[in-house]
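Inspection log for the structure reproduced underneath, given as structure tokens.
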Amino acid sequence: MKLNIALLPGDGIGPEIVDQAMKAVKAVANKFNHELEYTEALTGAIAIDTVGDPYPEETHELCMKSDAVLFGAIGDPKFDNNPKAPVRPEQGLLAMRKKLGLYANIRPVETFESLLHKSPLRRELVEGADFVCIRELTGGMYFGEKGRKDDGNTAFDTCIYTREEVERILKLGYEFAAKRNKKLTVVDKANVLESSRLWREVAQEMAPNYPDIQTEYMFVDNAAMQIIQWPKNFDVMVTENMFGDILTDEASVITGSLGLLPSASVGIHTSVFEPIHGSYPQAAGKNIANPIATILSAAMMFEYAFDLKEEGKLIRDAVAASMAEGFVTEDIAEGPAQSTSAVGDWIAHWIEKN
Ligand code: IPM
Ligand code: MG
């Protein structure tokens, strides 16, 4: 099969971790005789510095004509404490989501046996936790009308959703639940927000069409609590953009490391695969960052974008082997820590020989 990938390494540790993921991608493509083509493009702070735009048109065109996008991370501290910056790296990510129509962000939360002791939760609470957060990604407060009034002293962001937007994301949630443990938790704030009441209304209309699936409704504050109290009770969780942003950070740390979780953003055009962590600028260029979340994002790319399950599984198995062996970076190492590139090489080599 011909695999045509756009690489968007971005900022901070982005380039290093994407390099490691590509080692795994090349090893798998080689093994299964896929013809691999890949092109790199600019996004994030580096794109602002180079061409003045965090998601340049040229990058968008490349994404549109590729079969999948592998994304590193964006963000640079020089923008974080400057609320008046005219253009910010994060706008590139939002523009990419909107222009590619990536309305669903899929974040699987899985635990690794060898890391359970690093979880902030007690082992018995988190062991065996396995759920998927599906976050709506192109609506809500992120994209609703926003602005300032009264000479700049009053500010507003609007949370807006259409029925169609809610329906398509819930439909995806039901499809995931059907393939998993048949439970869908719809997270909202319907006791306060009108947009949430629309979510709940639409969910209540759709639920009878999925008689095999148990639909559960939960207010977001309660969900935040239950994720740390009873993480094993969740199977598929679906929620609006802002709630999803917050809950997925919370959900990710219960596994023991933020450096491990991959994600897929899917929708209308080309899907994007990226680690859920940020650009970790303090580690940039030091060859110490954990590449596993990006390598697992590459596994998701094989599974979701190319429907190549065996290839994805081989990458997952290689990652599991490196963790079982303790051949990992400093954030999760018990013994001697390995460098980013050494972990990438080890995983690619494991793929070659298995
Ligand atoms: C995420 C990030 C982004 C978001 C930022 C970088 C704009 O936190 O992907 O979760 O808020 O969506
Ligand atoms: Mg976030």
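No hydrogens, no waters, no symmetry mates; every other heavy atom, side chains included, goes into these values. Quick caveat, the model's predicted, so the values are computed rather than measured.
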Does atom CD1 of I160 have more than 12 heavy-atom neighbours, drawn from other residues, nucleotides or ligands, at distances under 6.0 Å? no
Sequence neighbours excluded, the answer for side chain to side chain donor-acceptor pair (under 3.5 Å) partners of D317 is K313
Would you check if K171 and E167 make a side-chain contact, meaning some heavy-atom pair closer than 4.5 Å? no
Euclidean distance, I276 CD1 relative to D249 CG, rounded to 0.5 Å: 5.5 Å
Does any N or O in the side chain of R148 come within less than 3.5 Å of the main-chain N or O of A155, such that one atom is a donor and the other an acceptor? no
If you look at every heavy atom in G173 and I134, which pair is closest and at what distance? CA-CD1, 3.8 Å
Can you find a heavy atom in the side chain of I295 that is under 4.5 Å from one in the side chain of Q20? yes
Heavy-atom neighbours of E205 CD exceed 12 at 6.0 Å: yes
Can you establish whether the number of heavy atoms outside R123 located under 6.0 Å from its atom CZ is more than 12? yes
Taking the side chain as everything from C-beta on, heavy atoms only, tell me whether E201 gets closer than 4.5 Å to R163. yes
If you round to the nearest 0.5 Å, how far is CD of E240 from OH of Y142? 9.0 Å
Going from CG on L102 to OG1 on T270, what distance comes out if it is rounded to the nearest 0.5 angstrom? 8.0 Å
To check you understand the geometry: which heavy-atom pair defines the closest contact between G312 and A299, and what is its length? O-CB, 3.6 Å
Are M141 and V220 connected in a single hydrophobic cluster, I mean Ile/Leu/Val/Met/Phe/Trp/Tyr linked by side-chain heavy atoms less than 4.5 Å apart? no
Are any non-hydrogen side-chain atoms of Y55 and C63 less than 4.5 angstrom apart? yes
Heavy-atom donor-acceptor pair, S119 side chain to L116 backbone, under 3.5 Å: no
Would you mind listing every salt bridge (Lys or Arg N to Asp or Glu O under 4.0 Å) that reaches into residues 344-354, with sequence neighbours excluded? K23-D345
Measure from the side-chain N and O atoms of N287 to the backbone N and O of S341, and report whether any donor-acceptor pair falls under 3.5 Å. yes
Kindly check if the number of other-residue, nucleotide or ligand heavy atoms within 6.0 Å of CD (E35) is above 12? no
Could you go step by step and tell me if D130 and R180 meet the salt bridge (charged side-chain N to carboxylate O under 4.0 Å, His left out) rule? CA-CA 10 Å; D130 176 0; R180 295 178 45 100; 3.3 Å; yes
Over all heavy atoms of both residues, which pair between I288 and T340 is shortest? Give the atoms and the distance, please. N-OG1, 3.0 Å
Do side-chain atoms of N4 reach the backbone of D67 as a donor and acceptor pair under 3.5 angstrom? no
Heavy-atom side-chain proximity of M206 to V186 below 4.5 angstrom: no
Polar side-chain atom of S66 near backbone of V69 as donor-acceptor pair, under 3.5 Å: no
When clusters are formed by joining ILVMFWY residues with side-chain heavy atoms under 4.5 Å apart, either directly or through shared neighbours, do I268 and L170 land in the same one? yes
Could you walk me through whether H277 and I13 satisfy the side chain to side chain contact (heavy atoms under 4.5 Å, CB included) test, starting with their C-alpha distance in whole Å, then the side-chain angles of each, then the deciding distance to 0.1 Å, before giving a yes or no? CA-CA 10 Å; H277 60 68; I13 56 169; 3.7 Å; yes
Of all pairs that satisfy ring-ring contact (aromatic ring centres under 6.0 Å, His included), the ones with a partner from residues 77-116, not counting sequence neighbours: none
Output yes when a side-chain donor or acceptor of E136 lies under 3.5 Å from a complementary backbone atom of T138, and no otherwise. yes
Is any side-chain heavy atom of F219 closer than 4.5 Å to a side-chain heavy atom of D188? yes
Spell out, yes or no, whether L296 and V25 are grouped together once hydrophobic residues are joined by side-chain heavy atoms under 4.5 Å, including indirect joins. yes
E165 side chain to T162 main-chain N or O, any donor-acceptor pair under 3.5 Å? yes
Look at atom NZ of K65 and say whether more than 12 heavy atoms of other residues, nucleotides or ligands are closer to it than 6.0 Å. no
Connected to L62, directly or through other members, by ILVMFWY side-chain contacts below 4.5 Å are none
Could you note down all residue pairs passing ring-ring contact (aromatic ring centres under 6.0 Å, His included) where residues 144-167 supplies at least one of them, sequence neighbours left out? Y161-W199
Going by the ring-ring contact (aromatic ring centres under 6.0 Å, His included) test, which pairs reach into residues 223-254, not counting sequence neighbours? F131-F234
Rounded to the nearest 0.5 Å, what separates atom CE in M22 from atom OG1 in T294? 12.5 Å
Enumerate donor-acceptor pairs with a distance under 3.5 Å from any side-chain N or O in residues 321-331 to protein atoms, sequence neighbours excluded.
{"from": "S322", "atom 1": "OG", "to": "V319", "atom 2": "O", "distance (Å)": "2.9"}
{"from": "T329", "atom 1": "OG1", "to": "D331", "atom 2": "OD1", "distance (Å)": "2.6"}
{"from": "D331", "atom 1": "OD2", "to": "N290", "atom 2": "ND2", "distance (Å)": "2.9"}

Any sub-3.5 Å donor-acceptor pair from T158's side-chain atoms to G144's backbone N or O? no
Considering residues at least two apart in sequence or located in another chain, which fulfil the side chain to side chain donor-acceptor pair (under 3.5 Å) criterion with T50? none
Working to the nearest 0.5 Å, report the span between OG of S339 and CH2 of W346. 14.0 Å
Compare every heavy atom of A264 with every heavy atom of F273, then report the nearest pair and how far apart it is. CE2-CB, 3.5 Å
On a heavy-atom basis, which atom in N105 and which in S263 lie closest, and how many Å separate them? ND2-OG, 3.5 Å
Flag yes if more than 12 heavy atoms outside E164 fall under 6.0 Å of its CD atom; otherwise flag no. no
Tell me, which pairs form a side chain to side chain donor-acceptor pair (under 3.5 Å) where one or both residues lie in residues 81-98, sequence neighbours left out? none
Contact check, side chains of R135 and D245, non-hydrogen atoms, under 4.5 Å: yes
Return the minimal non-hydrogen interatomic distance between I74 and G10, and the atom names on each side. CG2-CA, 4.3 Å
Donor-acceptor pairs under 3.5 angstrom involving side-chain atoms of residues 36-45: please list them, not counting sequence neighbours.
{"from": "Y38", "atom 1": "OH", "to": "K26", "atom 2": "NZ", "distance (Å)": "3.2"}
{"from": "T43", "atom 1": "OG1", "to": "P54", "atom 2": "O", "distance (Å)": "3.0"}

Any side chain to side chain donor-acceptor pair (under 3.5 Å) pairs touching residues 206-225, not counting sequence neighbours? Y174-T215, T185-E216, K189-D221, N222-Q226
Name all residues meeting the side chain to side chain donor-acceptor pair (under 3.5 Å) criterion together with N233; count only those two or more places apart in sequence or in a different chain, and write none if there are none. none
Residues D307 and K309 bridged, charged N to O under 4.0 Å: yes
Side chains of F32 and L308: does their closest heavy-atom pair fall under 4.5 Å? no
So how far is it from M300 CE to I106 CD1, rounded to the nearest 0.5 Å? 6.0 Å
Do side-chain atoms of N181 reach the backbone of K183 as a donor and acceptor pair under 3.5 angstrom? no
V18 reachable from Y280 in the ILVMFWY side-chain graph, under 4.5 Å edges: no
Are V272 and I5 connected in a single hydrophobic cluster, I mean Ile/Leu/Val/Met/Phe/Trp/Tyr linked by side-chain heavy atoms less than 4.5 Å apart? no
